[in-house]
Participant: 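Below are the structure tokens for one structure; questions will follow.
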Amino acid sequence: MGITRVGVVGCGLMGSGIAEACARSGYAVVVREVSEELLAKGLARVEQSMQRGVQRGKLASDEARAARARITGTTRLDDLAEVDLIIEAVVENMPLKQEVFRELDRRCPPSTIFASNTSSLSITEMASVTSRRDRFLGMHFFNPVPVMKLVELVRGLQTVDPTMTAGRRFAESLGKTVVVCKDSPGFIVNFLLVPYLLDAVRALEKGVATKEDIDAAVQLGLAHPMGPLTLLDYVGIDTTYYIAEAMFQEFKDPRYAAPPLMKQMVLAGLHGRKSGRGFYEYTKEG
Ligand code: 3HC
């Protein structure tokens with residue numbers, strides 16, 4: 001199961017980071033978005049991130065140029081027919097993800113491994129619409145992908161050992177540390193993280209403290225790199241809301257029920273850093 005060519009479906013925050021990390025590690029990458037506009041936006045994000053990497057001394061400018069040249073953008077799923085591994089990073093919506101995999105399953109040879117970067121949805125359920133349930137796994141990256149060192153590898157009910165081994169080798173070749181978990185909503189990180197983030201919003205709703213003080217308390221009192229409301233803006237309030245909803249549907253546990261303020265912010269388009277405003281406001285410079 002040698003992997004040299006990687007397909008990434010979706011070039012949003014996660015998809016663009018995954019495409020960048022793969023290209024920086026020498027893989028030829030085909031990344032697909034639904035429109036030319038979204039594709040251009042995603043590829044611009046890759047370039048900005050690589051420039052940041054160059055400025056921070058993490059990669060030489062000729063390496064950045066070479067990595068960028070390894071990425072091909074497309075709006076056609078047909079262009080993913082010849083890759084060895086596909087990593088799906090579209091929005092957290094099961095019917096949409098299943099539709100993507102159903103279409104890819106028709107186009108790709110049986111040897112292509114399918115992976116989903118889902119944060120909370122069932123790998124087994126996604127794999128069920130394909131003819132390769134044994135060569136299907138979860139590969140959950142963290143934002144910002146080029147910086148964060150973890151990948152959660154998720155074994156679906158029918159995923160076989162060689163698929164897990166290929167997934168591990170691939171993730172490690174990107175410089176990531178792998179943890180393995182079963183197909184359980186939220187896997188390890190979001191099982192723990194989501195209730196904490198929702199509690200931070202509840203604390204704000206209840207007037208426990210200002211947003212700045214909630215963030216400062218966690219950042220300085222617990223030595224986290226970001227406070228929870230800043231992290232919500234960073235990950236995306238919409239993304240976290242969809243993750244929480246999916247986990248609530250599975251567990252029916254109120255710890256995963258998104259607070260009303262979050263729902264209102266999603267409906268109002270206050271999605272965090274990417275939309276210019278969430279709990280905080282962001283200028284172009286950040
Ligand atoms: N390429 C390579 N390296 C980069 C880079 C890039 N584009 N941009 C930054 N870096 C490196 C820097 O060189 C620096 O490395 P060093 O520590 O060796 O010097 C390091 O990354 C930190 O970068 P900066 O100094 O520019 O920035 P900050 O110190 O402000 O850190 C941050 C930014 C990494 C985003 C930090 O605030 C952080 O870790 N925040 C928390 C992020 C987090 O929790 N992510 C997980 C979210 S949950 C998730 O994704 C799951 C999903 O399912 C919800």
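One-based numbering along the sequence shown. Just so you know, ligand 1 is whichever comes first in the structure, and atom 1 is the first atom listed for that ligand.
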Participant: Run the side-chain donor-acceptor check on residues 220-236: report pairs under 3.5 Å with partners two or more places apart or on a different chain.
Facilitator:
from   : atom 1 : to     : atom 2 : distance (Å)
Thr230 : OG1    : Asp215 : OD2    : 2.6
Asp233 : OD1    : Phe279 : N      : 2.9
Asp233 : OD2    : Phe279 : N      : 3.2
Asp233 : OD2    : Tyr280 : N      : 3.0
Asp233 : OD2    : Tyr282 : OH     : 2.6

Participant: Between Thr124 and Gln158, does any side-chain donor sit less than 3.5 Å from a side-chain acceptor?
Facilitator: no

Participant: Among all the protein's non-hydrogen atoms, which is closest to atom 47 (C) of ligand 1, and how far away is it?
Facilitator: Val235 CG2, 3.6 Å

Participant: For Arg70, I'd like to know if atom CZ has over 12 heavy atoms of other residues, nucleotides or ligands within 6.0 Å.
Facilitator: yes

Participant: Please state which option from Lys58, Arg56, Gln219, Glu152 has its nearest heavy atom closest to atom 16 (P) of ligand 1.
Facilitator: Lys58

Participant: Please work out whether any backbone atom (N, CA, C, O) or any side-chain heavy atom from C-beta onward of Thr239 is under 4.0 Å from ligand 1, and answer side chain, backbone, both or neither.
Facilitator: neither

Participant: Strictly by modelled atom types, are Asp134 and Thr163 linked by a side-chain donor-acceptor pair under 3.5 Å?
Facilitator: no

Participant: To which protein heavy atom is atom 37 (O) of ligand 1 closest, and what is the distance rounded to 0.1 Å?
Facilitator: Met226 CE, 3.5 Å

Participant: Return the minimal non-hydrogen interatomic distance between Phe187 and Ser120, and the atom names on each side.
Facilitator: CE1-N, 4.0 Å

Participant: Using a 3.5 Å cut-off and no angle test, enumerate the donor-acceptor pairs between side-chain atoms of residues 33-40 and protein atoms at least two apart in sequence or in another chain.
Facilitator:
from  : atom 1 : to    : atom 2 : distance (Å)
Glu33 : OE2    : Cys11 : N      : 2.9
Ser35 : OG     : Leu38 : N      : 3.1

Participant: Does any N/O atom on Glu20 come nearer than 3.5 Å to any N/O atom on ligand 1?
Facilitator: no

Participant: Does Arg168 come within less than 4.0 Å of Asp161, counting only side-chain N to carboxylate O?
Facilitator: no

Participant: Given the protein's heavy atoms, is any one of them under 4.0 Å from atom 33 (C) of ligand 1?
Facilitator: no

Participant: For a quick test of reading the model, state the closest non-hydrogen atom pair linking Glu20 to Ser49 and the distance between them.
Facilitator: OE1-OG, 2.7 Å

Participant: Counting heavy atoms only, which of Gly227, Ser120, Pro225 is nearest atom 39 (O) of ligand 1?
Facilitator: Pro225

Participant: Inspect the contact between Arg169 and Glu172 and indicate whether a charged nitrogen and a carboxylate oxygen are less than 4.0 angstrom apart.
Facilitator: no

Participant: Taking all non-hydrogen atoms of both residues, which atom of Arg32 and which atom of Thr75 are closest, and how far apart?
Facilitator: NE-O, 3.4 Å

Participant: Of all the atoms in ligand 1, which lie at a distance below 4.0 Å from a heavy atom belonging to Leu193?
Facilitator: 48 (S)

Participant: Would you tell me which option among Val54, Leu231, Val147 has the nearest heavy-atom contact to atom 21 (O) of ligand 1?
Facilitator: Val147

Participant: Could you tell me which atoms of ligand 1, counted from 1 in the order shown, lie closer than 4.0 angstrom to a heavy atom of Phe142?
Facilitator: 49 (C), 50 (O), 51 (C)

Participant: At a 4.0 Å threshold, what atoms of ligand 1 neighbour a non-hydrogen atom of Tyr234?
Facilitator: 35 (C)

Participant: Considering only the protein, which heavy-atom contact is closest to atom 1 (N) of ligand 1, and what is its distance?
Facilitator: Arg24 NH1, 3.2 Å

Participant: For ligand 1, does Met148 get within less than 4.0 Å through its side chain, its backbone, both, or neither, judged by non-hydrogen atoms?
Facilitator: side chain

Participant: Which of the numbered atoms in ligand 1 are under 4.0 angstrom from any heavy atom belonging to Ser49?
Facilitator: 6 (C), 7 (N)

Participant: When the ring planes of Phe191 and Phe251 are compared, do they come out parallel, tilted or perpendicular, using 30° and 60° as the limits?
Facilitator: perpendicular

Participant: Is the number of heavy atoms from other residues, nucleotides or ligands under 6.0 Å of Glu82 CD greater than 12?
Facilitator: no

Participant: When you look for heavy atoms under 4.0 Å from ligand 1, do you find them on the side chain of Val189, its backbone, both, or neither?
Facilitator: neither

Participant: Counting only heavy atoms, which portion of His140 has something under 4.0 Å from ligand 1: side chain, backbone, both, or neither?
Facilitator: side chain

Participant: Is atom 27 (O) of ligand 1 near the protein, in the sense that some protein heavy atom lies at less than 4.0 Å from it?
Facilitator: no

Participant: Using distance alone, determine whether Asn143 and ligand 1 share an N or O pair under 3.5 Å.
Facilitator: yes

Participant: Work out whether the distance between some heavy atom of Thr240 and some atom of ligand 1 is less than 4.0 Å.
Facilitator: no

